[in-house]
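Below: the structure, in structure tokens.
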Amino acid sequence: MASPEHPALHATPGGPAGPDPFLPLHPPALVGRDRELSAALQVLRASTGPAGVLIVGAAGVGKTRLGEEAAARTSCARDTGDRGAARDVQRLAPATVATVVQRLLRSGSARSRTLWIDDAHLLPGSAAEGLCELTRRRAHKVLLAMDGTQGHPRLQTLWKDQLVARLELGPLDVLSTRRVASALFADRLTWPGVVRLAAMSQGNSTLLRELARAALAQNLITSEGSTWRLGDAVPVSSALRDLVAQQLADVTHHDRRVLELIALAEPVRLDVLERIVAPDTLLALEDAGAVRVSHPRAEPAPGTSPSVGLTHPYVAQVLRQDVGPLRRRHCLRTWTRHVPESALSPAERVRVAQWHLDAGDLPAQEPLRNAVRCALRVHDVPAAIRLSAAAWYGHGAPWAAELHARALFADGAFDDLHAFAEKVAAGHPEHLRTLAPTQARACLFAGRQDRAEEIARRLTGTERSAYLALATAFRGRFTIALEHARTVLRDPESPCHAESALIATGALARLGRPHDALRLYENLRGRTSDDEGCLFEADVEEALALARLYAGRLDEAEAILGREYRTALESNLVGVDARRGLGLGLVLLERGRIREALPYFSFTPAYQAAWQPWNIRAAIHATIAAHCLPGGRPDTAPGLPDPVAPGPYAAGLAVARAWQAHRRGEQGRARLVLHTAVDTALESGTYGDAVVLLHETARLGLPAHAAVEEELPVQGTYLTSRLHFARAVHTGDTQLLARVCRTLADAGAHLYAAEGYAELARLQRRSGRGRAATASTVQARTLLRDCGDVSTPALHFLGDPAHLSERERTVARLAAQGLTDKEIAQRLVVSPRTVSNTLYRVYQKVGATDRRHLRRLLSP
């Protein structure tokens, strides 16, 4: 998903330890308006073209904030080095515009300036006429912000006559709204709270800020260590009450009751609502803008009806909050009379069950059980936790205990899960057996292997095999994990069928057999959605995408994960969005789009993927990505979690640590880390990991492992090409390397292909084939256009004919990072004089004048 920035923002250092009612609530930077800001600056800094910018949009969408940023950037244009772009910016209140404009028209000042006018729709007619004349002369620039449907008619003609460029601002998109909500609380508000506030504001930044203020004023924000949590109540203030009153100003008392029913049940199927509410009432509500009708996005199934909801989600939240218990019960009875339980959709089962709890009723066992299962299937974890807890404490059934444990697992609340298991053991020890599968998996995910083994002894049959498959996969023993998973897959009736299919798919990919993984997925497709025992349904599409990644089908993998990530965002699937974003980031990293990938790996303390393994993977990928970017000292890159048991992360950890060591100039350590990991991968049969490690060794320019000469049993041209990359660089085989580069480029791995062409150019130049070397360099630079801002060892001094030794390249890289001769000497265990002499030779060979010039030459 061009790639939007991931919602996981870097934590603000030195932030407050707990919620402060006087928190300023101002985001540190403009968010979500990069394209509009760039367009505005292009117009305001240009000496030709339109004479200004007109920003229009509804109240609260951020017109003033965008105008302020554009004005500030325009006044600071001198700092960009573009002298012609520098302008004086003068902010004018609507009441003073006419006077200033008339003075400029009379004086004919040669000094060009920019007039920044907010709330331009409040300008009187004389001021609007003067602005029109000023823009026609094009001696000065204007920056106007106004409500799109208001203002003097002359202002509307400015853009129609092409005197100014018009920027139409709509609400912020989902990601940007969440980024603003997180920034308002210094990135310390837990992600469910961020998602709730963003959904209630519907992209309106002014409303979002008012919601945040109301939450603080009502003490709805509580501190949990270094993070803050938003309570369940709806933040309300007098200003927000006024907003609701304004939205419902034209609604009668009777119609308000209808809106309450819709708010409690939304989104409501239109065919059901038409049986409950008179058509005239629905038409009146639509005409008043109070309700909206949404049609299914995809091709609707037979019998599918459009849905109806309130136009503004915050109004719906307040209405739901304000409905009294008796009114809530009355609405529930009205709804259930017209829609029997058997006719409810999965999402409606969840809503109606919660509706019963809000009304003080406990649903019967079977409807409640179905509702919890539906909530888990659609990843509505908060609803699953609430409903399963009510089922357990209300009915005390073993199925309720099991589903509550699964809901806590899905939330990553492992401590709560273990505490719940202890309560069950104390009061109902006969039910403890049903919790064992989930509890054992929770211990594995929390890194408590011994406790997991103890609990797993209660398991039998395919459940035991499924647990063993997961446990051995967590230890990195993918061959054994595959055998255990196959034992489960032989039993189509096993409740762990889908989970084992996912484990087998991942194991096959790591073993270097992605085509087998894809075939397994296709054979089992459609089975996973009905598998009640599957705890990893969120990862079904991710497993498919990552298998395609290993198969070299990077375009398909990106498309799948991009779609699934957007679905998770738009459906408010907290935790699932992080895990799917992590998979998308990995594909972007593989494609060489490093800056696009990095935000998907950078989680704040308040925004995590819920399950520890995903957070560890994020740290590993973030480290690798950061070391592929130019500039910066090695000690500023993100750190790896310590300690981490290698297990399934062995290959990734080795790569990340090797990049760290190489960036510090410790080539010997980088080589040792990678070669040791190759030995381990070969011994365990994880040939896919072995190929990745051999390829990374070549990318870092390190001595090759002996296995580079072997034909490892991996499937597909992509893994084979990565192996052949390492072999060609080791042996100097230019023909093999040229074929590898073409294959990698065709697969979409543009950074790997560019690095291959850079190495090919060096080999060709050494053999006296200057023209071929130039062509390879051009190929590398062409591929790098898709990668953005990257700098890896293979790309250093791209196209430069100088022959640098490995020691000279290491010294050059460390010097370009800003290290002094003494610091470099300490890293390489040599004398500062040796470093100085080596650096002098580098300068002579590449024509550099100082460290800053050297840094530019290092960048491709």
Side-chain angles (χ1 to χ4, degrees), residues 30 32-33 35-37 39-44 49-75 87 89-105 113-138 140-172 180 201-210 239-240 242-243 245-247 249-250 288-289 311-312:
L30 184 69
R33 301 295 189 192
R35 185 181 307 166
E36 293 89 344
L37 178 61
L41 291 176
Q42 185 176 358
V43 172
L44 295 176
V53 177
L54 175 64
I55 305 172
V56 297
V61 297
K63 302 185 297 295
T64 301
R65 183 73 181 87
L66 177 62
E68 293 283 3
E69 190 73 18
R73 299 272 187 104
T74 301
S75 64
R87 291 179 181 271
V89 176
Q90 184 176 1
R91 175 163 187 163
L92 301 177
T96 63
V97 170
T99 302
V100 174
V101 168
Q102 290 301 322
R103 185 169 65 247
L104 291 175
L105 289 172
R113 67 179 65 186
T114 297
L115 303 183
W116 159 221
I117 305 167
D118 194 14
D119 294 327
H121 54 277
L122 301 179
L123 290 176
S126 58
E129 294 286 351
L131 272 178
C132 289
E133 180 61 28
L134 191 68
T135 55
R136 285 193 181 89
R137 297 188 183 184
R138 300 181 187 272
H140 306 280
K141 297 278 188 177
V142 296
L143 176 60
L144 312 173
M146 59 181 287
D147 288 351
T149 58
Q150 302 180 28
H152 195 277
R154 295 291 291 158
L155 293 179
Q156 298 289 349
T157 63
L158 286 176
W159 67 274
K160 294 179 182 178
D161 295 340
Q162 298 184 350
L163 296 174
V164 299
R166 179 185 172 106
L167 283 180
E168 191 89 35
L169 288 195
L172 288 170
V180 173
S201 70
Q202 207 174 36
N204 187 300
S205 54
T206 300
L207 174 57
L208 176 59
R209 189 173 293 109
E210 188 60 36
L240 294 174
D242 290 343
L243 170 66
Q246 180 182 352
Q247 293 279 338
D250 299 328
T311 302
H312 199 291

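Every value quoted in this text rests on a predicted model; they were computed, and no experiment measured them.
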side-chain hydrogen bond (donor to acceptor under 3.5 Å, both in side chains) partners for Gln162, two or more places apart: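 With sequence neighbours excluded, Gln162 shows a side-chain hydrogen bond (donor to acceptor under 3.5 Å, both in side chains) to no residue whatsoever.
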So, using side-chain hydrogen bond (donor to acceptor under 3.5 Å, both in side chains) as the criterion, who are the partners of Gln102 when residues are at least two apart?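 Expected list: none.
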Give every residue pair that meets the salt bridge (Lys or Arg N to Asp or Glu O under 4.0 Å) criterion with at least one member in residues 118-127, sequence neighbours excluded.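 Listed by first then second residue: Arg91-Asp118.
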Would you check if the side chain of [X] reaches a backbone N or O of [Y] as a donor-acceptor pair within less than 3.5 Å?
| X | Y | result |
| --- | --- | --- |
| Ser205 | Gly60 | yes |
| Lys63 | Gly57 | yes |
| Arg209 | Asn204 | no |

Between [X] and [Y], what is the shortest heavy-atom contact and its length?
| X | Y | value |
| --- | --- | --- |
| Ser126 | Ala98 | OG-CB, 4.2 Å |
| Gly67 | Leu143 | O-CD2, 3.5 Å |
| Val97 | Ala127 | CG1-CB, 4.0 Å |
| Gly130 | Leu105 | O-CD1, 4.0 Å |
| Pro50 | Ala165 | CB-N, 3.8 Å |
| Ala70 | Leu44 | CB-CD1, 4.2 Å |

Out of Leu144, Val142, Val89, which residue meets the side-chain contact (heavy atoms from CB on, under 4.5 Å) rule with Trp116?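 In the set Leu144, Val142, Val89, the residue that makes a side-chain contact (heavy atoms from CB on, under 4.5 Å) with Trp116 is Val89.
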Sort out for me which residue in Leu54, Leu131, Val56 forms a side-chain contact (heavy atoms from CB on, under 4.5 Å) with Leu155. Leu131
Does the side chain of Val61 come within less than 4.5 Å of Leu172's, by heavy atoms? no
Report yes if some heavy atom in the side chain of Arg138 is under 4.5 Å from a heavy atom in the side chain of Leu163; otherwise report no.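 The answer is yes, as the side chains (C-beta and beyond) meet within the 4.5 Å cut-off.
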Can you name the residues that form a salt bridge (charged side-chain N to carboxylate O under 4.0 Å, His left out) with Glu69, not counting sequence neighbours?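 Applying salt bridge (charged side-chain N to carboxylate O under 4.0 Å, His left out) to Glu69 gives Arg65, Arg73.
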To the closest 0.5 Å, what do you measure between [atom1] ([X]) and [atom2] ([Y])?
| X | Y | atom1 | atom2 | answer |
| --- | --- | --- | --- | --- |
| Arg136 | Asp161 | CZ | CG | 6.5 Å |
| Ile117 | Leu122 | CD1 | CG | 11.5 Å |
| Thr135 | Lys141 | OG1 | NZ | 11.0 Å |
| Leu104 | Thr99 | CG | OG1 | 11.0 Å |

Could you list the residues that satisfy side chain to side chain contact (heavy atoms under 4.5 Å, CB included) with Ser201, not counting sequence neighbours? Thr177, Leu207, Leu208, Leu211
Could you work out, with side chain to side chain contact (heavy atoms under 4.5 Å, CB included) as the rule, every residue matching Thr311, not counting sequence neighbours?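 Testing Thr311 for side chain to side chain contact (heavy atoms under 4.5 Å, CB included), a comparison that skips the adjacent residues, returns Arg292.
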Are Ile55 and Glu36 close enough, and set up right, to give a side-chain contact (heavy atoms from CB on, under 4.5 Å), and what steps lead you there? CA-CA 9 Å; Ile55 305 172; Glu36 293 89 344; over 6 Å; no
